[in-house]
Amino acid sequence: MSSPAEPANLMEAIVSLAKRRGFIYPSSEIYGGLNGFFDYGPLGAELKKNIRDCWWNDMVRRRDDIVGLESSIIMHPKVWEASGHVAGFTDPLVDCKASKQRYRADQLFFAAVVVDGKTVGYVSALESENTAGELQTAAEALKRKKAIQGTLAAVAPRDMTEAKPEEIELIPSPATGEPGSLTAPRSFNMMFQTNVGAMTDASSVAYLRPETAQGMFVDFKNVTDTTRVKLPFGIAQIGKSFRNEITPRNFIFRSREFEQMEMEYFIHEDADWAKCHEEWIAWCENWLKSIGLPETHLSRYAHPKEKLAFYSKGTVDIMFKYPFGVQELWGIAARGNYDLNQHATASGKPQDLFDETSKKKFVPHVIEPAVGVDRILLAVLCAGYAVEDVTDEKGNTEQRTVLRFSPRIAPVKVAVLPLLKNKEPLTNRARALHAKLQRRYAVQYDDGGAIGKRYRRQDEAGTPWCVTIDFETIEKPGDTFTLRERDSMKQRRINEAELFALLEEQVY
RNA sequence: GCGGCUAUAGUUUAAUGGUAAAACCUCUGCCUUCCAAGCAGGUGUCGUCGGUUCGAUUCCGACUAGCCGCUCCA
């Protein structure tokens with residue numbers, strides 16, 4: 001009965017629905033938009049808040065071993081030096097304007113061709129096992145080509161980050177062999193930079209955080225000194241992070257301002273990290289299922305050992321099948337005690353704990369599940385979106401668009417609908433029920449147009465239930481109303497106590 | 001950042017070198033006893049800036065944004 005749209009059009013349909021129904025708008029749209037930034041409209045803001053709340057409740061409030069944290073977005077610049085982000089974010093790149101190739105400046109080597117002490121030209125080569133040899137061969141070829149007499153000096157390879165401005169236009173592109181098409185190395189700075197205080201100089205430079213995780217490491221001692229946590233324990237945080245991505249893509253999947261939900265789970269240095277790692281991967285998978293993501297769309301990707309950062313013991317990504325491909329949703333990394341050690345060294349403040357059994361100090365290791373709220377939100381939009389054929393009693397077939405959100409995260413839990421707008425007893429009862437529900441749940445009151453139209457409108461918003469106040473409600477004993485279920489479109493009669501019991505069970 | 005394609009109402013799309021049309025959505029009123037009914041009405045600076053032209057939404061350029069491919073994703 002479900003007719004899945006073509007993947008190519010599916011994303012367009014979802015983007016268009018998200019705009020039309022007030023889930024997601026482009027940022028600053030009246031000024032032409034801003035690449036990589038988005039606004040969440042009324043329904044989107046509710047949906048996002050529900051995802052955050054579910055995570056926070058399950059991760060922090062319903063556990064005894066994890067505490068919450070909200071650290072500042074702008075931190076001391078030394079945090080990012082210690083974490084490796086300042087060194088890591090700068091990847092100088094060189095473009096060849098002729099061939100449109102792009103090279104990392106530290107992997108593109110060149111050398112001056114020196115004959116009898118005089119520079120006669122330049123040669124270049126990409127980094128290889130024998131870069132110097134290739135450059136030497138190229139230099140000899142150049143000398144022959146130019147028919148220059150004399151003694152060729154041994155080449156002195158340098159990479160493009162060391163090229164002087166006047167040399168760059170003389171260095172041939174590896175693609176064309178001709179000089180003049182290479183650009184100077186340009187850095188692609190992934191961290192947003194700002195200045196703290198009125199003075200703008202080198203000493204005032206600060207960064208918007210590119211991840212929330214460092215907050216947990218930097219406040220590690222504060223938390224252990226002020227709360228009664230005992231290993232193993234976790235510190236969790238939800239918050240905005242910022243990365244100046246070169247190419248934001250795929251709607252809200254990769255944006256420049258995004259929201260992370262990260263947790264650092266600290267374990268003893270002798271603990272079985274692999275077992276703990278596996279437990280957290282399973283926990284994350286179960287959590288994703290609990291908010292309605294289908295198991296069929298989830299998979300695991302274990303990063304190959306040779307591609308891991310040197311300090312990492314293992315990273316597994318939980319992948320989600322988006323319309324544009326299988327992409328990383330949730331990364332669960334075993335980071336050893338690299339981060340705490342880095343901060344201990346950089347700050348000079350030990351980050352260790354005391355083991356009462358062995359009477360020794362140690363720096364705990366950490367398992368880090370890190371997920372993006374926006375990526376989850378996009379996943380539930382994609383997984384929940386369906387266009388269905390609906391056949392009525394007369395045999396006419398129509399289509400309805402529905403977002404099958406889990407009741408846990410649905411932006412609107414219940415829509416209260418008087419069957420008719422112009423019958424006051426109906427609207428009075430409906431408004432009373434609406435007001436009562438509103439005290440605990442996100443609900444909507446709608447009396448516009450025909451009842452069927454209102455059902456479809458709620459389908460597009462992903463509202464799991466509609467209750468309709470009809471003539472039976474006000475004329476017959478029992479004060480029951482029609483409960484209409486979104487996915488099955490089935491109806492049954494229910495009273496107020498039963499409705500609240502249903503919500504209590506399904507919305508948690 | 002590079003290359004290709006694209007930009008008309010909230011959405012999806014027409015037409016046109018002489019200031020634009022349809023459907024859906026949305027809002028107001030009437031009507032309506034359960035799955036997008038009907039009737040009457042409201043809502044538009046053709047992405048931005050410049051050029052060519054008597055006149056540009058239409059042709060040209062730049063910018064901005066989107067899609068695809070590179071590159072990047074620490």
Side-chain angles (χ1 to χ4, degrees), chain A residues 8-9 11-13 15-22 25-37 41 80 83-104 181 183 185-191 210-211 213 243-251 253-256 258 307 309 312 324 327-328 331 372 388 390-394 396 398-402 417-423 426 447-460 466-475 481-486 488-493:
Chain A
N9 305 327
M11 268 317 285
E12 275 180 47
V15 171
S16 148
L17 175 67
K19 171 83 188 289
R20 185 157 44 86
R21 283 297 175 193
Y25 313 124
S27 165
S28 321
E29 200 181 8
I30 62 168
Y31 290 102
L34 188 60
N35 195 3
F37 297 91
W80 306 111
S83 70
H85 287 83
V86 170
F89 75 65
T90 306
D91 262 338
L93 298 175
V94 173
D95 287 314
C96 169
K97 287 178 283 194
S99 68
K100 307 302 177 193
Q101 294 290 307
R102 162 166 288 180
Y103 307 98
R104 271 179 54 175
S181 65
T183 66
R186 287 175 289 189
S187 291
F188 291 88
N189 188 332
M190 297 292 286
M191 280 201 288
E211 63 173 37
R243 294 183 196 182
N244 207 350
E245 298 286 355
I246 296 170
T247 312
R249 274 292 157 89
N250 293 325
F251 199 31
F253 182 81
R254 174 169 296 127
S255 53
R256 290 185 164 129
F258 58 102
K307 290 195 81 178
S312 178
F324 45 84
Q327 299 279 344
E328 176 191 342
E388 295 180 345
V390 179
T391 307
D392 66 17
E393 291 158 359
K394 293 170 192 155
N396 299 320
E398 289 172 330
Q399 290 202 318
R400 73 159 183 159
T401 302
V402 57
L417 320 170
L419 184 60
L420 298 177
K421 183 183 187 178
N422 56 0
K423 298 285 186 292
L426 294 178
D447 62 7
I451 188 71
K453 186 168 190 164
R454 284 178 266 162
Y455 286 151
R456 298 298 171 82
R457 188 147 51 202
Q458 293 300 330
D459 287 341
E460 276 198 350
C466 293
V467 292
T468 300
I469 310 302
D470 49 31
F471 288 94
E472 200 175 325
T473 313
I474 54 174
E475 287 168 358
F481 7 88
T482 302
L483 180 84
R484 185 263 194 184
E485 207 271 325
R486 177 195 62 205
S488 65
M489 304 193 349
K490 290 204 171 113
Q491 304 188 349
R492 62 188 166 101
R493 297 207 72 79

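All chains are named by letter (A, B, ...) in the order of the sequence lines, taking the proteins before the strands, and each is independently numbered beginning at 1. We use all heavy atoms of the structure for the numbers below, so side chains are in, but hydrogens, waters and symmetry mates are not.
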Separation of the C1' atoms in B/G38 and B/G66, to the nearest angstrom
39 Å
Using the side-chain hydrogen bond (donor to acceptor under 3.5 Å, both in side chains) criterion, which residues pair with A/Glu485? Sequence neighbours excluded.
A/Ser488
Across the strands shown, which category fits A/Lys421 at heavy-atom distances under 4.0 angstrom: base, sugar-phosphate, nothing?
base
Can you check the distance between B/U12 and B/C68, where both ends of the measurement are the P atom (answer in whole Å)?
15 Å
Among B/A36, B/C27, B/U33, which nucleotide has an atom closest to any side-chain atom of A/Leu420?
B/U33
I want to verify a distance call: between B/C34, B/A36, B/U32, whose nearest atom is closest to the A/Thr482 side chain?
B/C34
Classify the side chain of A/Arg484 versus the base of B/C35 as yes if they form a donor-acceptor pair under 3.5 Å and no if they do not.
yes
Write down the protein N/O and nucleotide N/O pairs, taken from nucleotides 62-66 of chain B, whose separation is under 3.5 Å; answer none if there are no such pairs.
residue, atom, partner, partner atom, Å
B/U64, O2', A/Gly32, O, 3.4
B/A65, OP1, A/Asn35, N, 3.2
B/A65, O4', A/Gly32, O, 3.1
B/G66, OP1, A/Asn35, OD1, 2.9
B/G66, OP2, A/Asn35, OD1, 2.7
B/G66, OP2, A/Asn35, ND2, 3.2

Applying ring pair (Phe, Tyr, Trp, His ring centres under 6.0 Å), name anything that partners A/Phe258, two or more places apart in sequence or on another chain.
none
Using the C1' atom as the reference point in each nucleotide, state the distance between B/U43 and B/C25 in Å, no decimals.
12 Å
State which of B/U11, B/C72, B/A36 makes the closest approach to the side chain of A/Ser16.
B/U11
Enumerate, in order of first residue number, the stems that involve RNA chain B, defined as 3 or more consecutive Watson-Crick or G-U wobble pairs with both distances under 3.5 Å.
B:1-7 with B:64-70, B:10-13 with B:21-24, B:26-30 with B:38-42, B:47-51 with B:59-63
Can you name the side chain to side chain contact (heavy atoms under 4.5 Å, CB included) partners of A/Asn422, sequence neighbours left out?
A/Leu420
Assign A/Asp459 to base, sugar-phosphate, or nothing according to its heavy-atom contacts below 4.0 angstrom with the strands shown.
nothing
Give me the distance, rounded to whole Å, that separates B/A20 from B/U26 when you measure between the P atoms they each carry.
27 Å
Any residue meeting side chain to side chain contact (heavy atoms under 4.5 Å, CB included) with A/Pro210, in chain and number order, not counting sequence neighbours:
A/Trp80, A/His85, A/Met191, A/Arg243
Whole-Å P distance, B/C35 and B/C59:
49 Å
